[in-house]
Amino acid sequence: MAHPDRFLLAGVMGWPVMHSRSPTLHNHWFEKHGLAGTYVPLAVPPERLAQALRALPALCFSGCNLTIPHKEAAVPIIDEVDRTAREIGAVSCVIVRPDGSLLGVNNDGFGFIHSILDDAPGWRADAGPVVVIGAGGASRAVLWSLADRGAQEIRLVNRTLERAKALERKFGPPIKAVAWNDRHAALSDAALLVNATSQGMVGEPPLDLALEGLPRAALVADIVYVPRDTPLLAEARRRGNGTVGGLGMLLHQARPAWQAWFGIDAEVTPELRALIESTL
Ligand code: ATR
């Protein structure tokens, strides 16, 4: 056992938080690695975020994840925010350092890239134009990670063009904002299509996008994971495109957290995937 003298603690702060699958995911790893520890849902309202984060060292937490609505709000509270989290503008994971200070990082982009590599091991970001639909919080991590992996051209389509333009200004090349009405034409010669909107999620209508112009060799990724098979993914598979579901992003973003908190290489196995899928 790596830490026989200490009960390991981590959790996820959100408001609300009880829907989060992270406790199931992380507690699977505690069990799998035979470690004494637990990962808890922490229901923290926005006005208590700073207080809750400051309490982590005193409570002997190794760190925590952040979910809606705390990812952006944590940036000015954390002692040091690394370059990735700063550029994305959001903290997904907090690490308590030995001196009790807090380091904020963002592992969502890592999760996205590795979810693709899981399903398509030979995939490269620079294989051809990428089309990303959506310019919200989730999209920023996706865009950052694609640019970081060397994507040469990212066509960013959003219903509200100004939001896409703001990200084009923020990240610069390779991002090019594309108007909603031009979304179908943007698919021609694309190598990767990503849905980074909430469309297709349970309770939401399907993403309003016709795939006719998309090359059959293109990969289609959806960040939505409830349902597992979104209308977009089903349509892509029907016409022969490779697909990547949203669950992998959630699973893989948790790996660097374990490395930082506990010094352990946690693995995304078929068993873990099936466990989380059984809760969806
Ligand atoms: P998140 O942090 O999960 O990305 P968000 O910041 O609310 O959430 O962003 C949601 C994304 O889904 C946005 O890109 C939004 O488009 P707008 O910027 O125009 O709001 C997109 N979206 C939501 N409803 C949509 C719809 N009916 N059609 C197209 N895009 C939609």
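First listed ligand is number 1; within each ligand, the first listed atom is number 1.
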Engineer: Please say which of His184, Arg183, Arg159 ends up in a side chain to side chain donor-acceptor pair (under 3.5 Å) with Asp208.
Structural biologist: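 The residue from His184, Arg183, Arg159 that satisfies side chain to side chain donor-acceptor pair (under 3.5 Å) with Asp208 turns out to be Arg183.
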Engineer: Any luck finding a side-chain donor-acceptor pair between Asp222 and Thr230 under 3.5 Å?
Structural biologist: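 Looking only at side-chain atoms, Thr230 and Asp222 do form a donor-acceptor pair, the distance falling under 3.5 Å.
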Engineer: If you look at each N/O of ligand 1, which protein N/O atoms lie under 3.5 Å away, and at what distance?
Structural biologist:
residue, atom, partner, partner atom, Å
ligand 1, 2 (O), Gly137, N, 3.1
ligand 1, 4 (O), Gly137, N, 3.2
ligand 1, 4 (O), Ala138, N, 3.2
ligand 1, 6 (O), Gly137, N, 3.4
ligand 1, 6 (O), Arg163, NH2, 3.2
ligand 1, 14 (O), Ala135, N, 2.9
ligand 1, 14 (O), Asn158, OD1, 2.7
ligand 1, 16 (O), Asn158, OD1, 3.4
ligand 1, 18 (O), Asn158, ND2, 2.8
ligand 1, 18 (O), Arg163, NH1, 2.9
ligand 1, 19 (O), Arg159, NE, 3.1
ligand 1, 19 (O), Thr160, N, 3.0
ligand 1, 19 (O), Thr160, OG1, 2.5
ligand 1, 20 (O), Arg159, NH2, 2.9
ligand 1, 24 (N), Gln199, NE2, 3.3
ligand 1, 27 (N), Arg159, NH1, 3.3
ligand 1, 27 (N), Gln199, OE1, 3.2

Engineer: Is it true that, when you exclude Arg54 itself, more than 12 heavy atoms of the residues, nucleotides or ligands shown sit nearer than 6.0 Å to its CZ?
Structural biologist: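 It does: Arg54 CZ has more than 12 such atoms within range.
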Engineer: When you look at CD of Glu267, are more than 12 heavy atoms from neighbouring residues, nucleotides or ligands closer to it than 6.0 Å?
Structural biologist: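 No, CD of Glu267 has 12 or fewer neighbouring heavy atoms, counting only those of other groups under 6.0 Å.
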Engineer: Quick one: list whatever passes side-chain hydrogen bond (donor to acceptor under 3.5 Å, both in side chains) with Ser62, sequence neighbours left out.
Structural biologist: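 Scan of Ser62 (side-chain hydrogen bond (donor to acceptor under 3.5 Å, both in side chains), adjacent residues dropped) gives Arg6.
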Engineer: Do any N or O atoms from the side chain of Asn158 and from the backbone of Ala135 form a donor-acceptor pair under 3.5 angstrom?
Structural biologist: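 Such a contact is found between Asn158 side chain and Ala135 backbone.
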